[in-house]
Amino acid sequence: MNSNPRLTRQCLTALVAAGVVVTGAGCTVANSGGGGYDPYTLRIVLPQEPPTLEPCESSLTSTGVVVRSNITEPLAERDPDTGDLQPLLATDWEQTSPTEWTFTLRDDVTFSDGAPFTSEDAAFSIDRAVNSDLQCNVDGYVFGDEKLTLRTPDAHTVVVGTTEPDPILPLRISFIEIVPRTTSTTEKVREPIGTGPYAIDDWEYGQKLTLKRNDTYWGAEPAFARAEYQWRSEGSVRAAMITNDEADIATGLGPEDGAGELGVPFQNGETTALRMQATEPPLDDIRVRQAINYSVNRTGIVKALFRNLGQPAAQLIPSGVVGYNDQLQPWPHDLDRARALIDEARADGVPVDREIRLIGRTAQFPNIAETIEVIQSELAEIGLNVKIEMMDTASQLEYQLRPFPPNTGPYLLMIQHGNQAGDAAFTMDQYMLSDGPQSAYGTTAFDTKIRAAEQLTGQARQDAFAKLFAEEPEEIMQMAYIAHMRGILGKSPRIDYTPDAATGDEMRLSAMTPTAADHTDQS
């Protein structure tokens, strides 16, 4: 393995401050000497192994990228380009009373084990994901404290009721993956049965995951008979697997990883930010949180570490999502102002010298470690005592999702939020409500404003959420937004596939086909 010495923290910070593009990242090659492949198998390499394929956890990126619309399917799915909801397992839906929506289901669907799909399965799946005690991520992410009522007038009709009118209920329901009514309601399942174009064939934990084509699939037959997932934490390794013909698709690449012309840039819909545990001193003082915002050199990070594959962010959602405020500007990089705020807080007895943990997730995005190091250095410059902790996915999620671990002390958490639904309600519910599943701070007054905005439709809804994003830094300020991200997908020349804004969260295998030059009968 040949690699360049790691850039020092001081060097990285200087380069970011100067806006110099960082190059020369070490390149390692796994299983070199590829060439030749099984034409019937689609080969995918991910940054990390999925922690589970439990469908009710599919709003977690590392799970959803494998399971959603591949192994399991929802009743409807959102078109990532237009934002429109499209029929899938449901053919249509309508609001039949102020608090009820009626969904009509397809009558030609079976699960991969041969069992027919009926309204009982749809109602069961919704009840399991939202009303059970499983603590499904999709419940917290999409529904919060809502409890749904469910009726099945016949085998192909399901009626979903809410306590209050919900103008976007079909959009929320699109996050629930359908499973058979025989699925456990007391335990999460690691390997689910679904109605999707693929089924799990074999999972060698820690090694690889293989899917096989579901021969009972109700829709168009996917081009590839099998899909094989592997995982490598280093982007340079994933890129090398593409260039060495050891993989067909590689996710989570950075511009310095070496995919070259086989790297396809795309808008991935993700926004990076530091979430501040604002209930713990010194982070409970808004001046300290303001100082942190002034210290982050967003423009330098985007230019030097992200190679301009991103845009400095002033809010947690990107353009194209209902509620995006195009008038907001990112915080200026002003270390002198940041130091003055820290000095002012110190003079008032705020314990600004207390150690603050800076938590990042390994392979969360390209150059995550370098980004964390630059931020730590800038925070040290303004007088804060910050210690870096890099964690794997499972460990980091303990700090991202409620209930948080006890006695954590003050910490800053690097998050990456993708609003796949295209509506600010999902972001506000998660990160801005005082008791949101991924929120560290809030107020009842701001909660009331969020709930009021969620009852609106059309332009009134857009305007209300845009106003809330402008008010959040003044009333709450639990975030230091960093960048709206763009991704790079490594893609073999033998594959036809165009990534879209949803690719980072749900990568549909059925959208991947052999190129004309590589066409092979996949029967």
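Residue indices begin at 1 and follow the sequence shown.
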Evaluate salt bridge (charged side-chain N to carboxylate O under 4.0 Å, His left out) for Glu270 paired with Arg486, printing each intermediate quantity in order. CA-CA 8 Å; Glu270 302 277 356; Arg486 296 190 76 207; over 6 Å; no
From Leu341 atom CG to Arg346 atom CZ, the distance as rounded to the nearest 0.5 Å: 12.0 Å
Contacts of type ring pair (Phe, Tyr, Trp, His ring centres under 6.0 Å), residue Tyr411, not counting sequence neighbours: Tyr399
Flag, side chain of Arg190 to backbone of Pro51, donor-acceptor distance under 3.5 Å: yes
Report yes or no: does Glu355 contribute a side-chain atom to a donor-acceptor pair with the main-chain N or O of Asn385 at less than 3.5 Å? no
When you look at Ser236 and Asp257, which way does the side chain to side chain donor-acceptor pair (under 3.5 Å) test go after all the steps? CA-CA 4 Å; Ser236 57; Asp257 286 331; 5.1 Å; no
Heavy-atom distance under 4.5 Å between the side chains of Leu489 and Leu253, does that happen here? no
Student check: side-chain heavy atoms of Leu274 and Ile375 closer than 4.5 Å: yes
At what distance, to the nearest 0.5 angstrom, does CD of Glu475 lie from CE of Met432? 12.0 Å
Let's go through Glu187 and Arg128 carefully: what are the C-alpha distance in whole Å and the side-chain angles of both, what is the deciding distance for salt bridge (charged side-chain N to carboxylate O under 4.0 Å, His left out) to 0.1 Å, and is it a yes or a no? CA-CA 10 Å; Glu187 294 180 336; Arg128 179 179 184 270; over 6 Å; no
Residue pairs passing the salt bridge (charged side-chain N to carboxylate O under 4.0 Å, His left out) test with at least one member in residues 425-443, sequence neighbours excluded, are Arg172-Asp429, Asp429-Arg451
Heavy-atom side-chain proximity of Val288 to Pro282 below 4.5 angstrom: yes
Start with the C-alpha distance between Glu472 and Tyr431, add both sets of side-chain angles, then the distance that settles side chain to side chain donor-acceptor pair (under 3.5 Å), and finish with yes or no. CA-CA 11 Å; Glu472 190 277 337; Tyr431 288 100; over 6 Å; no
Out of curiosity, Tyr229 OH to Thr251 OG1, how far, rounded to the nearest 0.5 Å? 10.0 Å
Looking only at atom types and distance, does a side-chain atom of Glu177 sit under 3.5 Å from a main-chain N or O of Glu73, one as donor and one as acceptor? yes
Can you tell me which residue pairs pass the ring pair (Phe, Tyr, Trp, His ring centres under 6.0 Å) test with a partner in residues 344-378, sequence neighbours excluded? Phe306-Phe365
Could you tell me whether the side chain of Gln396 and the main chain of Arg361 form a donor-acceptor pair under 3.5 Å? no
Test item: side-chain donor near acceptor, Gln86 and Glu77, under 3.5 Å: no
Any luck finding a side-chain donor-acceptor pair between Gln430 and Gln438 under 3.5 Å? yes
Does the side chain of His417 pick up a donor-acceptor pair with the side chain of Thr271 at under 3.5 Å? no
Non-hydrogen atoms of Gly442 and Ile476 that approach each other most closely: CA-CD1, 3.9 Å
As an exercise, state the distance from OG of Ser439 to CG of Leu401, rounded to the nearest 0.5 Å. 12.0 Å
Looking only at the side chains, is there a donor atom on one of Glu57 and Thr63 sitting less than 3.5 Å from an acceptor on the other? no
Using atom types as modelled and distance alone, determine if a side-chain donor or acceptor of Gln416 lies under 3.5 Å from a backbone N or O of Gln364. yes
Have a look at Pro192 and tell me which of Ile71, Ile178, Thr183 forms a side-chain contact (heavy atoms from CB on, under 4.5 Å) with it. Ile71
Donor-acceptor pair between Asp284 and Thr279 side chains, under 3.5 angstrom: no
Between Ser233 and Ala363 (side chain of the first, backbone of the second, donor and acceptor by atom type, cut-off under 3.5 Å), is there such a pair? no
Should the pair Arg508-Glu506 be classified as a salt bridge under the 4.0 Å nitrogen-to-oxygen rule? yes
State, without any angle test, whether Gln207 and Trp231 hold a side-chain donor-acceptor pair at a distance under 3.5 Å. no
With sequence neighbours left out, what residues match Trp101 under ring pair (Phe, Tyr, Trp, His ring centres under 6.0 Å)? none
Is the closest side-chain heavy-atom distance between Ser59 and Val142 below 4.5 Å? no
Kindly check if the number of other-residue, nucleotide or ligand heavy atoms within 6.0 Å of NZ (Lys147) is above 12? yes
Using a distance-only test with no angle check, is there a side-chain donor-acceptor pair under 3.5 angstrom linking Thr503 and Tyr497? yes
Salt bridge present between Arg238 and Glu234 (N-O < 4.0 angstrom): no
Counting C-beta onward and ignoring hydrogens, is there a side-chain heavy-atom pair between Asn325 and Leu468 closer than 4.5 Å? no
Within the side chain of Asn297, is there an N or O that forms a donor-acceptor pair under 3.5 Å with the backbone of His333? no
Short question: side chain of Asn70, backbone of Met507 - any donor-acceptor pair under 3.5 Å? yes
Where the side chain of Gln267 meets the backbone of Gly269, is there a donor-acceptor pair that is under 3.5 Å apart? no
For Phe143, ring pair (Phe, Tyr, Trp, His ring centres under 6.0 Å) partners two or more places apart: none
CD/Glu191: more than 12 non-hydrogen atoms of other groups inside 6.0 Å: yes
Short N-O contact, Arg339 and Glu381, less than 4.0 angstrom: yes
Say whether, by atom type as modelled, one donor and one acceptor occur between the side chain of Asp348 and the main chain of Val350 under 3.5 angstrom. no
Please determine if Arg289 forms a cation-pi arrangement with Tyr441, meaning its NZ or CZ atom is less than 6.0 Å from the six-membered ring centre and no more than 45° off the ring axis. yes
Between the side chains of Asn419 and Thr427, is a donor N or O closer than 3.5 angstrom to an acceptor N or O? yes
When rounded to the nearest 0.5 Å, the distance separating CD1 of Ile482 from CG of Leu316 is 11.0 Å
Quick note, salt bridge (charged side-chain N to carboxylate O under 4.0 Å, His left out) partners involving residues 389-402, not counting sequence neighbours, are Arg357-Glu389
Quick one: is the NZ or CZ of Arg78 closer than 6.0 Å to the six-membered ring centre of Phe175, and within 45° of its axis? no
Distance in Å, Ile372 CD1 paired with Met390 CE, rounded so as to fall on 0.5 Å steps: 5.5 Å
Where Ala338 and Tyr294 come nearest, the two heavy atoms and their spacing: CB-CB, 3.8 Å
With side chains defined as the heavy atoms from C-beta onward, is the minimum distance between Ile368 and Thr362 less than 4.5 Å? no
Between Arg461 and Glu454, is there a salt bridge with N-O shorter than 4.0 Å? no
Do Leu209 and Leu53 have side chains that get closer than 4.5 Å, going by heavy atoms? yes
Met479 versus Met276: any side-chain heavy-atom pair under 4.5 Å? no
Within the 3.5 Å criterion, strictly below it, is a donor on Asn293 or Arg337 matched to an acceptor on the partner's side chain? no
Would you kindly say whether Glu146 and Thr163 are connected by a side-chain donor-acceptor distance under 3.5 Å? yes
Check this for me, if you would: do Arg354 and Glu280 make a salt bridge, where the nitrogen-to-carboxylate-oxygen distance has to be below 4.0 angstrom? yes
